[in-house]
Amino acid sequence: MTNADAGNGSNADAGNGTRRSQFWALYLTRFAEGFGFITLVTLLGPYINTLDPQATTVLGVTVSAGFIIGMYTTGFTLAQTVAVVPLAWAGDRFDKRRVLLGVLGVGAGVYALFPLVDSSASFILVRALQGLVVTGAGLMTLSLVGQIADVGTRADKIGKANAASFAASIVGSLSAGAIYDALGFGPIFTIIALLMVAAWVVTWLVLDDDDTRVEGFPFSDLAVNRRILTMTSFRAQYAFAVTMVRTWIPIYAGTEMAAGGLGVAGIAIAVTVTAEKATNMVGQLFTGRLSDAYGRSLFVFAGGGAYGLIAVAIPFSTAIGTAVGTDVTLPLLGTLPAAYLPLVAFSGLLGVADSFREPASMALFADEGTDDGGVASSFGIRELVWRPGSVAGPLIAGWLMVEVSMASVFYVGGAFAITGVLAFLAILAHDHGRAALTAW
C-alpha cells in the first residue's frame, strides 16, 4: 500500500469516527427530548387528580371537564402544529445545528417552569411551550440523522435514534413515577432541565455546522410528492389512533376508579408506559435495518394494522385479568386490580407493532426529502399530517371518557388505525397491483 493509500485510509477512518460522534450527539439529544416528553405523559393522570379540572363557563359557553382534560394534551399538540412550518423552514434555509441549540436552550427554561403550575390554565400554557421544544428538537435531530446517514443505512440510523428516545422513555417514566410518589412533581423537572443543558453542551462541542441551504419554500414541492401523498392516506388517520391510545393508557391506569380508571400508584403507571417504550426500543434496533433491506410499505401496513387490533382488545383487560386471576399485590407496585397486568401486556404489544411501522415511515420521508431537497421540510410535512389527529384525538378521547366510557376511547382509537391501513393498502394496490406491499 502506498503512502497516499495509507493517508486516504486514515482520512476515511477519521471521517467515519467524526460521523459516529455526531450520530451519538444526536442520539443524546433524542434521549433528552424523549425523557421530557414521557415524563408528562406518565404524570398526566396525577396532574388530572391534583388539578381536578371542572366544567366552567367562558364567555357564556360551558366548557366541560372532558374538554379541559383533552386540552391537557391538545394544548401541547396545537403548539406543535404552529411550530412545524417555521422550524422546518428555518432548518432547511439556515443551520440546523443552530436551530437545535436554540430549541434545547429554550427547553431547559420550559421544564423549569413546570413546578410552578397551579391550575389547569397554567398547565395547558406550559404544556404548549413544551410542544414547541419537542417539535423543534425532534425535527432537527431526525433531519440531521437522515441527512448525515447514507441512503442504504437511513432507516437503521433513524431506528437507533428512536431507540435512544425510547430508552429515555423507559428511564423517564420509571423515574418520574417513583420520584413523584416520593417527592412530588418538582425534583423530576430539575433533572429534565439539567438533561437539556447537557444535550446543549454536547451538541455545541461535537456537531458540525450544517452547511446545506435550501432556497425558497420546499414544502410546496414536497406536498405533491406521490409517495408522501400515499403515506398521508394512512398517517392522517393513524395519528388519531396513536394519540388517543398511547395517551390514554397511562390515564386509564392512573385516574381514579370512579372515573373509569384503575387508580394505581405512580410507579405502576410508569410500568404501563415503560412496557410500550421498551418493546418499541428493542424492536427498532432491528426493524430499521430490515426496512432498509426489504422496503417500507409492508412494515408500515403490518405495524399499523396490528396496532389497531391490539388497541381494540385493551378494554377486555378486566375480563382477561379476572379469568387468569391477576388481581395481586406486588412489591413497589402495591395492590393491583385484575385489569392492570393485562394492560401492561397490551402496552408492550403496541410497542412491538409500532416498532415495525415507525423507522420505515420516517425513512420514507427522509428519502423523499433528501432526493427533492429539504429534509427538514419533508419531516415537517410528516408532522403536519399528524397534527389534525393529535389535536382532535385527545378532545374526542376526553369527551368519550367522560360521556361514554373509558373503553370507548380504545375502540375508536383502534378503528382509526384499521381504516388507515386499509386506505393505504387500497392506494398501493391501485398504483402497484399485486406487488403493492413490496413496491417500496
Should the pair F416 and F240 be assigned to parallel (<30°), tilted (30 to 60°) or perpendicular (>60°) ring geometry? parallel
Classify the ring geometry of F114 against F189: parallel below 30°, tilted from 30° to 60°, perpendicular beyond 60°. parallel
So, does [X] use its side chain to make a donor-acceptor pair with the main chain of [Y] at under 3.5 Å?
{"X": "Q80", "Y": "V134", "result": "no"}
{"X": "S291", "Y": "A155", "result": "no"}
{"X": "S347", "Y": "A275", "result": "no"}
{"X": "T203", "Y": "W200", "result": "no"}
{"X": "T29", "Y": "A25", "result": "yes"}
{"X": "R382", "Y": "F365", "result": "no"}
{"X": "T272", "Y": "V344", "result": "no"}

Looking at [atom1] of [X] and [atom2] of [Y], how far apart are the two atoms once the value is rounded to the nearest 0.5 Å?
{"X": "I124", "Y": "M71", "atom1": "CD1", "atom2": "CE", "value": "5.0 Å"}
{"X": "T287", "Y": "N280", "atom1": "OG1", "atom2": "CG", "value": "7.5 Å"}
{"X": "I267", "Y": "D181", "atom1": "CD1", "atom2": "CG", "value": "7.0 Å"}
{"X": "F123", "Y": "Y72", "atom1": "CZ", "atom2": "OH", "value": "6.5 Å"}
{"X": "T135", "Y": "L87", "atom1": "OG1", "atom2": "CG", "value": "7.5 Å"}
{"X": "L341", "Y": "L333", "atom1": "CG", "atom2": "CG", "value": "8.0 Å"}

Apply side-chain contact (heavy atoms from CB on, under 4.5 Å) to residues K96 and Q147 and explain how you reach the verdict. CA-CA 11 Å; K96 296 180 186 67; Q147 183 173 293; 3.0 Å; yes
Do [X] and [Y] touch side chain to side chain, with heavy atoms closer than 4.5 Å?
{"X": "N162", "Y": "L142", "answer": "yes"}
{"X": "P250", "Y": "L44", "answer": "no"}
{"X": "W248", "Y": "P394", "answer": "yes"}
{"X": "T247", "Y": "V41", "answer": "no"}
{"X": "P359", "Y": "F299", "answer": "no"}
{"X": "V110", "Y": "M196", "answer": "no"}
{"X": "Y411", "Y": "P315", "answer": "yes"}
{"X": "V206", "Y": "L28", "answer": "no"}

To check you understand the geometry: which heavy-atom pair defines the closest contact between [X] and [Y], and what is its length?
{"X": "A239", "Y": "S390", "result": "CB-N, 4.2 Å"}
{"X": "T279", "Y": "S355", "result": "O-CB, 4.4 Å"}
{"X": "N49", "Y": "G254", "result": "ND2-O, 3.5 Å"}
{"X": "G380", "Y": "L139", "result": "N-CD2, 3.7 Å"}
{"X": "A137", "Y": "L100", "result": "CA-CD1, 4.0 Å"}
{"X": "T318", "Y": "A339", "result": "OG1-CB, 3.3 Å"}

Take V202 and W24, measure what side-chain contact (heavy atoms from CB on, under 4.5 Å) needs, and give me the verdict at the end. CA-CA 10 Å; V202 172; W24 282 108; over 6 Å; no
What's the verdict on side-chain contact (heavy atoms from CB on, under 4.5 Å) for L425 and F301, showing C-alpha distance, side-chain angles and the deciding distance? CA-CA 7 Å; L425 178 62; F301 177 82; 3.8 Å; yes
Could you work out, with side chain to side chain donor-acceptor pair (under 3.5 Å) as the rule, every residue matching [X], not counting sequence neighbours?
{"X": "E383", "result": "R387"}
{"X": "Y111", "result": "Q130"}
{"X": "Y27", "result": "none"}
{"X": "T274", "result": "S173"}

Between Y307 and Y238, is the ring centroid distance below 6.0 Å? yes
May I ask you to check whether F37 and F76 place their ring centres under 6.0 Å from each other? yes
Given the rule in the side-chain contact (heavy atoms from CB on, under 4.5 Å) test, do M244 and F410 qualify, once you have shown the distances and angles that lead to the verdict? CA-CA 7 Å; M244 294 171 71; F410 299 104; over 6 Å; no
Just wondering, more than 12 heavy atoms not from L194 lying within 6.0 Å of its CG? yes
Would the number of heavy atoms belonging to other residues, nucleotides or ligands and lying under 6.0 Å from CZ of F356 be above 12? no
Going by salt bridge (Lys or Arg N to Asp or Glu O under 4.0 Å), name the residues that satisfy it together with K160, two or more places apart in sequence or in a different chain. D156
Per the salt bridge (Lys or Arg N to Asp or Glu O under 4.0 Å) rule, what does the pair list look like for residues 234-251, sequence neighbours excluded? R246-E276, R246-D354
